[in-house]
Amino acid sequence: MHSLNKYLLISICFASVLIPSFASVFSSDIFGEAPFVFGMIVLCTFGLIIKSKQKCYLSVVDILFILFIFYGVFHFCVFPSKYADPLRLWEWVAAVSSYFFIRSIRDEEKKVLLYALIVSGVIQSIIVWGQLSGVIESRHPLFQITGSFGNPGQLGGYLAVCFVASLNYLKQSKKRFVVLLIAFLIVVIGGALLATDSRAAWIATVLGCCFAFWKDIHCFCKRYKKTCIFLVLIIGVLGSLFIYNYRPESANARMLIWRVCGEMIADKPLFGHGVGSFPKKYMLYQANYFQKQPDSSFISVADNVGYPYNEFLYVTVELGLIGFLMIAGLLVLLFSMRSQNDQERSFKSALICLIVFSLFSYPSYIFPLFLLFSILLGGSVSKELYTINKLRWVHTLFVLVIVGVCVWAVIECKFYERASWEMKQATSKKELESAPFINKHFGKLIHNLKFNAVYTEYIFHYGADDTDYKISYLTPSCETYCDIGKVYCRRKEFAKAESYYKLASWMIPTRILPNYLLWQLYVNTGDQVNAKDVAGKILSQQLKVDNTVTIRVKAEVRTWLNEHD
């Protein structure tokens with residue numbers, strides 16, 4: 001029985017890393033990742049049942065992690081958010097259950113996670129080389145390589161963690177054959193990592209490797225202090241200049257997003273805007289920013305934004321400074337504790353890599369990367385300070401709760417599979433608005449960003465009943481607000497249409513469509529003064545791209561101005 005449990009635990013450890021890393025293959029489908037989310041919940045809770053003991057061992061990091069989870073639940077209950085996607089909440093359940101499962105297993109069993117990371121990195125690299133050679137099709141029309149992820153940035157973050165894990169394993173290996181094999185695999189993963197062209201992943205890899213070899217670096221710095229200071233300054237300055245100038249538009253776009261996030265935090269600093277609020281509120285704040293600063297240097301890089309490109313800002317925007325301080329304090333405490341062994345240091349190195357990547361990207365929105373954070377965090381903690389003896393009835397209740405969560409997860413998985421099937425059927429028959437299942441569960445489904453995008457496109461093409469109610473749930477973007485304005489124009493509600501067109505024009509000041517629609521509105525309603533004002537704005541407008549559409553619009557506006565001067 002003991003050996004059976006051991007093999008089951010090893011299988012669950014491998015599955016925890018390998019399965020989610022390929023869940024993104026199905027992410028193009030609405031709710032495509034749901035089976036993997038609920039599958040991980042079932043696997044990890046089943047593992048917790050196997051490892052269930054009469055004694056509970058806790059570290060300070062465990063306690064802080066539990067407090068952070070309790071704060072999230074408290075925040076959600078006390079400040080109920082109308083933006084929260086239930087499937088995202090289930091992803092949190094998967095992350096929490098995987099953390100406690102990893103914490104419950106022995107160090108020798110945790111090694112399997114590092115093996116799985118290396119194997120997973122090699123598989124992703126093989127897919128990359130296949131995509132580069134044209135044998136395997138990319139999952140994004142604009143990028144040649146994506147691995148099993150949605151774009152090369154996500155892939156780069158995952159490969160960076162795998163690279164650092166492989167390097168740590170190489171460092172600990174003694175046998176010549178193993179050293180040569182791992183060295184070869186590192187070259188394979190490293191080549192794929194470079195091919196992703198992800199600056200965030202490169203920075204994360206460098207700092208993850210520095211942490212892995214910190215003892216050696218520290219000894220070298222002690223011996224050659226002045227040389228090290230000079231090297232750090234030179235590498236820091238030249239590296240920063242290279243990273244920024246490699247794609248300055250992308251860097252400036254992130255700085256704009258972080259600047260606007262600062263305004264969101266300033267509005268609600270303590271408790272934040274609520275769970276799931278970022279994509280629902282960010283574009284409105286960006287519009288407000290450009291309305292106040294029409295001459296901003298960031299105008300040229302403005303675009304629709306769905307992610308904050310910094311996970312700590314994301315936590316602060318949604319959960320406030322309290323949430324930020326809790327998660328930051330947890331990580332500071334973790335890395336201030338001395339590693340008990342090389343394996344723990346390996347997990348910490350990989351975790352540092354993922355944390356650095358999260359400063360410039362959005363891993364919490366990508367389920368495999370989000371789950372990887374909790375797995376690496378669980379693997380990084382080994383020192384146990386508190387032992388709690390569980391009473392028999394408490395132990396029984398614990399097992400029953402876990403079984404209950406498993407059953408609930410299976411029911412929810414069936415629900416999302418049904419929802420995905422219903423969406424395909426309804427959209428193919430152009431009956432999404434009248435689909436009974438979709439209408440019945442509209443409030444539960446609409447907060448999912450993929451469902452929201454599909455539903456938005458559908459109702460603007462085919463119409464919808466109770467439009468005002470449905471519009472209130474749509475995720476703001478420049479194009480969405482232009483479409484909402486068109487709806488109100490058709491209904492002769494010109495004041496509402498005008499407000500949506502104006503907001504759309506400030507969201508992305510380099511887009512000509514909102515101003516063109518606003519100009520048409522004024523012309524059709526006979527408002528010559530405002531029409532001339534907007535016409536002048538269109539002709540002098542700074543555009544990101546000039547094409548046949550913008551040329552035609554400007555010609556039409558110029559002709560109208562000449563006729564009405």
Side-chain angles (χ1 to χ4, degrees), residues 17 59-61 64-65 68 95 98-99 102-103 110-111 113-114 116-118 120-121 153-172 186 189-190 193 196 198-221 232 235-236 239-240 243 309-315 324 326-364 366 368-383:
V17 175
S59 71
V60 178
V61 175
L64 285 177
F65 184 75
F68 178 72
S98 65
Y99 171 82
I102 301 304
R103 285 289 292 118
K110 288 180 184 178
K111 285 182 183 177
L113 294 167
L114 295 173
L117 269 177
I118 297 170
S120 181
Q154 301 166 11
L155 169 68
Y158 191 83
L159 286 177
V161 174
C162 296
F163 182 89
V164 172
S166 304
L167 198 64
N168 273 286
Y169 190 75
L170 176 67
K171 183 184 172 186
Q172 298 165 26
I186 286 173
I189 296 172
L193 176 59
T196 62
S198 170
R199 294 164 303 164
W202 298 343
I203 296 170
T205 304
V206 170
L207 293 180
C209 292
C210 286
F211 187 87
F213 291 92
W214 177 245
K215 283 185 179 179
D216 303 308
I217 293 171
H218 185 64
C219 290
F220 180 81
C221 288
V232 168
I235 293 171
S240 299
I243 291 295
Y309 291 92
N310 184 299
E311 292 297 336
F312 291 98
L313 279 177
Y314 170 58
V315 169
F324 166 76
M326 292 185 79
I327 195 70
L330 183 153
L331 294 173
V332 168
L333 180 65
L334 174 68
F335 288 103
S336 65
M337 296 166 64
R338 185 182 295 275
S339 300
Q340 301 296 303
N341 49 54
D342 288 338
Q343 181 176 289
E344 187 179 324
R345 191 164 194 83
S346 298
F347 277 107
K348 284 185 177 179
S349 302
L351 182 60
I352 277 279
C353 180
L354 187 56
I355 290 170
V356 173
F357 179 71
S358 75
L359 296 177
F360 309 98
S361 193
Y362 47 95
S364 69
I366 313 302
L369 294 174
F370 181 51
L371 191 70
L372 192 57
F373 174 80
S374 63
I375 290 172
L376 295 176
L377 181 64
S380 300
V381 184
S382 62
K383 192 174 182 181

Could I get the full list of ring pair (Phe, Tyr, Trp, His ring centres under 6.0 Å) partners for [X], not counting sequence neighbours?
X	value
Phe324	none
Tyr362	Tyr307, Tyr309
Phe360	none
Tyr169	Tyr115

Who passes side-chain hydrogen bond (donor to acceptor under 3.5 Å, both in side chains) against [X], sequence neighbours left out?
X	answer
Arg199	Ser250
Ser358	none
Ser346	Gln172
Ser349	none

Please list, chain by chain and in numerical order, all residues satisfying side-chain contact (heavy atoms from CB on, under 4.5 Å) with [X], sequence neighbours excluded.
X	value
Ala160	Leu193, Ala201, Thr205, Cys353
Leu351	Leu334, Phe335, Ile355, Phe373, Leu376, Leu377, Ser380
Ile186	Phe163, Ser166, Leu167, Leu170, Ile182

Sequence neighbours excluded - side chain to side chain donor-acceptor pair (under 3.5 Å) pairs with any residue from residues 368-377
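The answer is Ser98-Ser374.
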
Closest contact, heavy atoms only, Leu354 versus Pro363
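Smallest heavy-atom distance, with atoms named: CD1-CB, 4.5 Å.
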
Looking at Phe211, does the NZ or CZ of Lys348 lie under 6.0 angstrom from its six-membered ring centre and within 45 degrees of the ring axis?
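No, a cation-pi geometry is absent between Lys348 and Phe211.
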
Heavy atoms, side chains only, cut-off 4.5 Å: are Val381 and Phe65 in contact?
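Val381 does not reach Phe65 side chain to side chain.
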
Tell me whether the count of non-hydrogen atoms from other residues, nucleotides or ligands lying under 6.0 Å of NZ in Lys171 goes above 12.
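Enclosed: over 12 neighbouring heavy atoms sit under 6.0 Å from NZ of Lys171.
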
